[in-house]
Amino acid sequence: MSLEAKVVPLDSPLKMMIGDLKRVAGNKSQAHPWVIKFLADSTNNCPTIVEFSQIWLQGSVKTSMNDSDSIVLTDGSGDVKVTKCARVPGDRSWIKAGAYCGIFACVKKLSLSSPEVEAIKVMDLCEMKNDAQNMWPSEVQELIHFLRGSITFQL
């Protein structure tokens, strides 16, 4: 007996590891054009489908091209090409190989080998690179557990 999937529409950017872009698929919803599915497990006995329009990635700049308009970002789980960084306001002189940054983006091209996203916001996290880099996988997992209902917060 299979249980129906729990669908969670998300209006804020979905925190994700770059490697998880391989699991993203298109969605028919204009408000949430992308989905990622989390299978049932020992904590959640039904699958969860998260619908979203924007993503939040963090990682180190692997390469920078076209006067920092395009970069390749890596987080240890994969690489992604980030385009249109030049349209984001602010100084981009810090964007170079090795810089650690946060990216709010829209998915533009899904591919197992070279996914592509379009920047909405690029944040310099270089000053807190070690802490941000070490905490990022836990932040992503915590959000996934929260969206799936595995954890709750008392406010």
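On a predicted model such as this, the values are computed, not experimentally measured, just so you know.
- With respect to the salt-bridge test (charged N to carboxylate O, under 4.0 angstrom), the residues Lys108 and Glu116 do not qualify.
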| said: Walk me through whether Val117 and Thr83 qualify under side-chain contact (heavy atoms from CB on, under 4.5 Å). | reply: CA-CA 6 Å; Val117 300; Thr83 62; over 6 Å; no

| said: Between Trp34 and Leu110, is the side-chain contact (heavy atoms from CB on, under 4.5 Å) condition met? List the steps. | reply: CA-CA 10 Å; Trp34 305 102; Leu110 294 173; 3.4 Å; yes

Validation: residues 19-31 side-chain donor-acceptor distances under 3.5 Å, sequence neighbours left out:
from  : atom 1 : to    : atom 2 : distance (Å)
Asp20 : OD1    : Arg23 : NH1    : 3.4
Arg23 : NH2    : Lys37 : O      : 2.9
Asn27 : ND2    : His32 : O      : 2.8
Asn27 : ND2    : Glu51 : OE2    : 3.2
Ser29 : OG     : Ala31 : N      : 3.3
Ser29 : OG     : His32 : N      : 3.1

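- Under the 3.5 Å distance criterion, the side-chain polar atoms of Lys129 are matched with a main-chain donor or acceptor of Gly98.
- With hydrogens and angles disregarded, a donor-acceptor distance shorter than 3.5 Å links the side chain of Lys6 to the backbone of Leu147.
- Residues Leu57 and Met135 fall into different hydrophobic clusters, defined by Ile, Leu, Val, Met, Phe, Trp and Tyr side chains chained together at heavy-atom separations under 4.5 Å.
- Heavy atoms only, all atoms of each residue included: Met17 and Ser77 are closest at CB-OG, 3.6 Å.
- Between the CH2 atom in Trp136 and the CD atom in Gln141 there is a gap of 11.5 Å [rounded to 0.5 Å].
- With sequence neighbours excluded, the residues that form a side chain to side chain contact (heavy atoms under 4.5 Å, CB included) with Val72 are Lys62, Thr63, Met65, Asp79.
- Ion pairing of Asp69 with Arg92 is absent here, as no side-chain N (NZ or NE/NH1/NH2) approaches a carboxylate O to less than 4.0 Å.
- Looking at heavy atoms from C-beta onward, Met123 lies out of side-chain contact with Ile103 at the 4.5 angstrom threshold.
- Proximity of Tyr100 to Gln58: side-chain heavy atoms (C-beta onward) are separated by under 4.5 Å at one or more points.
- Atoms CZ and OG1, from Phe38 and Thr48 in turn, are 8.0 Å apart once rounded to the nearest 0.5 Å.
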